[in-house]
Engineer: 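Quick one: this structure, given as structure tokens, is what I'll be asking you about.
Because only heavy atoms are used, hydrogens play no part in the values below, and waters and symmetry mates are left out as well, while side chains stay in. Protein chains get the first letters and strands the later ones, always in sequence-line order, with residue 1 at the start of each. In this text, all values refer to a predicted model and were calculated from it rather than measured experimentally.
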Protein chains: 2
Amino acid sequence: MTASADSSQEVLTQEQFQAISRTLADPRRFAILQQIASQQSLLCGSLDVQGCISPATISHHLRELQEAGLVDAERQGRSMCLRLRRSIWNAYIRHLQQI
Amino acid sequence: MTASADSSQEVLTQEQFQAISRTLADPRRFAILQQIASQQSLLCGSLDVQGCISPATISHHLRELQEAGLVDAERQGRSMCLRLRRSIWNAYIRHLQQI
DNA sequence: ACATCTCTTAGATAGACGTCGAACTATCAG
DNA sequence: CTGATAGTTCGACGTCTATCTAAGAGATGT
């Protein structure tokens, strides 16, 4: 086992950091992230998206969140189960704190 | 004196939070912010901007940082003196931590 | 097999944003 | 006053991105 196996102390590359920053810039996307974070895990269909947003747009935002490494998604029957990657989120905050 | 006079515990409105998130999304702007934060105060001309960026663009980014409330700017002769607003920065990080 | 539910992908469009050059303002030195 | 230095403002341009509709794809129930 490696020392970096301690996922509570992950460190982000510059690219990861920038990807996350870009991802958080959209208010809708941050709102989605908040909902995912507020539960242990959340089904995609349970997302409460105010303001008549199309499924395609939700899917787009979820992919951005996944590609930024902030969210994990897993099929569960017809639905997608979403989870915040806490270790990445914590690493992002630590990065900001180092400023 | 009011309770909110304690600037170490400022709270951001939704609009402030979103403005800051948008502002941080640009890597160049974050790099500028880092430099400002690394000093008590910094003259605009002392900014080390890698990659041939025009004065107009720097000025643009600095205004964004100011309008987001992250940076204070003050004339000093011909130069502009820049300072990070720590209380706002800390409030932003606290907001992220509440997720 | 078929219909249904739940997302995803593709393509198009409109608006936001980073960037620059050029012209402008403000400050200071002679 | 003149010239030089330091930023700012303006207008334009190209790229990126949030959004939609329409069509596709995977899972489940009948």
Engineer: Can you check whether A/V71 reaches A/R85 side chain to side chain, under 4.5 Å on heavy atoms?
Structural biologist: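 No - every pair of side-chain heavy atoms lies 4.5 Å or more apart.
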Engineer: Side chain of A/M80 only, please: which of C/dC7, D/dT9, D/dT28 is the nearest?
Structural biologist: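 Nucleotide nearest to A/M80's side chain: C/dC7.
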Engineer: Between P on D/dC16 and CD on A/Q18, what's the gap in Å once rounded to a whole number?
Structural biologist: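 So the CD-P distance, A/Q18 to D/dC16, works out to 15 Å.
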Engineer: Identify the two heavy atoms, one from A/L96 and one from B/Y92, that lie closest to each other, and give their separation to 0.1 Å.
Structural biologist: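 Shortest heavy-atom separation between A/L96 and B/Y92 comes out as CD1-CE2, 4.1 Å.
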Engineer: I need the CD1-P distance between B/I58 and D/dT9, as an integer number of Å.
Structural biologist: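 Roughly 15 Å, once rounded to whole Å.
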Engineer: What verdict does the side-chain contact (heavy atoms from CB on, under 4.5 Å) test give for A/I93 and A/W89, after you've listed the backbone C-alpha separation in whole Å, the side-chain angles of each residue and the deciding distance to 0.1 Å?
Structural biologist: CA-CA 6 Å; A/I93 290 181; A/W89 182 245; 3.6 Å; yes
Engineer: Could you please name the option among D/dA6, D/dG29, D/dT17 that lies closest to any side-chain atom of B/S79?
Structural biologist: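 Looking only at side-chain atoms, B/S79 lies closest to D/dA6.
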Engineer: Given D/dA18, is OP1 or OP2 found less than 4.0 Å from the side-chain N or O atoms of A/R29?
Structural biologist: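 True: A/R29 side-chain N/O within range (under 4.0 Å) of D/dA18 OP1/OP2.
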Engineer: Between the side chains of A/R83 and A/E74, is the shortest nitrogen-to-carboxylate-oxygen separation below 4.0 Å, so that they form an ion pair?
Structural biologist: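 Yes, charged N to carboxylate O under 4.0 Å.
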Engineer: Taking atom P of C/dT8 as reference, at what distance in whole Å does atom CZ of A/R78 sit?
Structural biologist: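 The answer, rounded to whole Å, is 15 Å.
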Engineer: Please report, rounded to the nearest Å, how far the C1' atom of C/dC5 is from the CZ atom of A/R75.
Structural biologist: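 Atom-to-atom, A/R75 to C/dC5, this comes out as 11 Å.
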Engineer: Supply the atom-to-atom distance A/R86 CZ to A/L70 CG, rounded to the nearest 0.5 angstrom.
Structural biologist: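 The CZ atom of A/R86 sits 11.0 Å away from the CG atom of A/L70.
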Engineer: Taking CG from A/L62 and P from C/dT6, how many angstroms apart are they, rounded to a whole number?
Structural biologist: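 A/L62 atom CG is separated from C/dT6 atom P by 15 Å.
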Engineer: Rounded to the nearest Å, what distance is computed from the CG atom of residue A/L24 to the C1' atom of nucleotide D/dT17?
Structural biologist: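 These atoms are roughly 16 Å apart.
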Engineer: Name the nucleic acid region contacted by B/S59, choosing base, sugar-phosphate or nothing; use a 4.0 angstrom heavy-atom cut-off, strictly under.
Structural biologist: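 Since a base atom lies under 4.0 Å of B/S59, the category is base.
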Engineer: Under 4.0 Å between a side-chain N or O of B/R63 and OP1 or OP2 of D/dT9?
Structural biologist: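 So the side-chain polar atoms of B/R63 do come within 4.0 Å of the phosphate oxygens OP1 or OP2 of D/dT9, strictly under.
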Engineer: Using 30° and 60° as the class boundaries, would you call the ring planes of A/F30 and B/H95 parallel, tilted or perpendicular?
Structural biologist: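 Judged by the thresholds at 30° and 60°, the geometry between A/F30 and B/H95 is tilted.
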Engineer: N/O contacts under 3.5 Å, protein versus nucleotides 19-25 of chain D?
Structural biologist:
residue, atom, partner, partner atom, Å
D/dT19, OP1, A/R28, NE, 3.1
D/dT19, OP1, A/R28, NH2, 2.6
D/dT19, OP2, A/H61, NE2, 2.4
D/dC20, OP1, A/C52, O, 3.1
D/dC20, OP2, A/S54, N, 3.0
D/dC20, OP2, A/S54, OG, 3.1
D/dC20, OP2, A/T57, OG1, 2.6

Engineer: Closest to the B/C44 side chain: D/dG7, C/dT4, C/dC28?
Structural biologist: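 When the side chain of B/C44 is considered, D/dG7 is the closest of D/dG7, C/dT4, C/dC28.
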Engineer: Just by distance, with hydrogens left out, do B/E10 and B/S87 show a side-chain donor and acceptor under 3.5 Å apart?
Structural biologist: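 A donor-acceptor contact under 3.5 Å links the two side chains.
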Engineer: Between A/G77 and B/S46, name the one whose nearest nucleotide on DNA chain D is closer to the 5' end.
Structural biologist: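 Going by which nucleotide is closer to the 5' end, it is B/S46.
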Engineer: Which whole-number value in Å describes the distance from A/Q66 CD to C/dT8 P?
Structural biologist: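 In whole Å, C/dT8 P lies 7 Å from A/Q66 CD.
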Engineer: Rounding to a whole Å, what distance do you find between A/E64:CD and C/dT9:C1'?
Structural biologist: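 After rounding, the reported distance stands at 14 Å.
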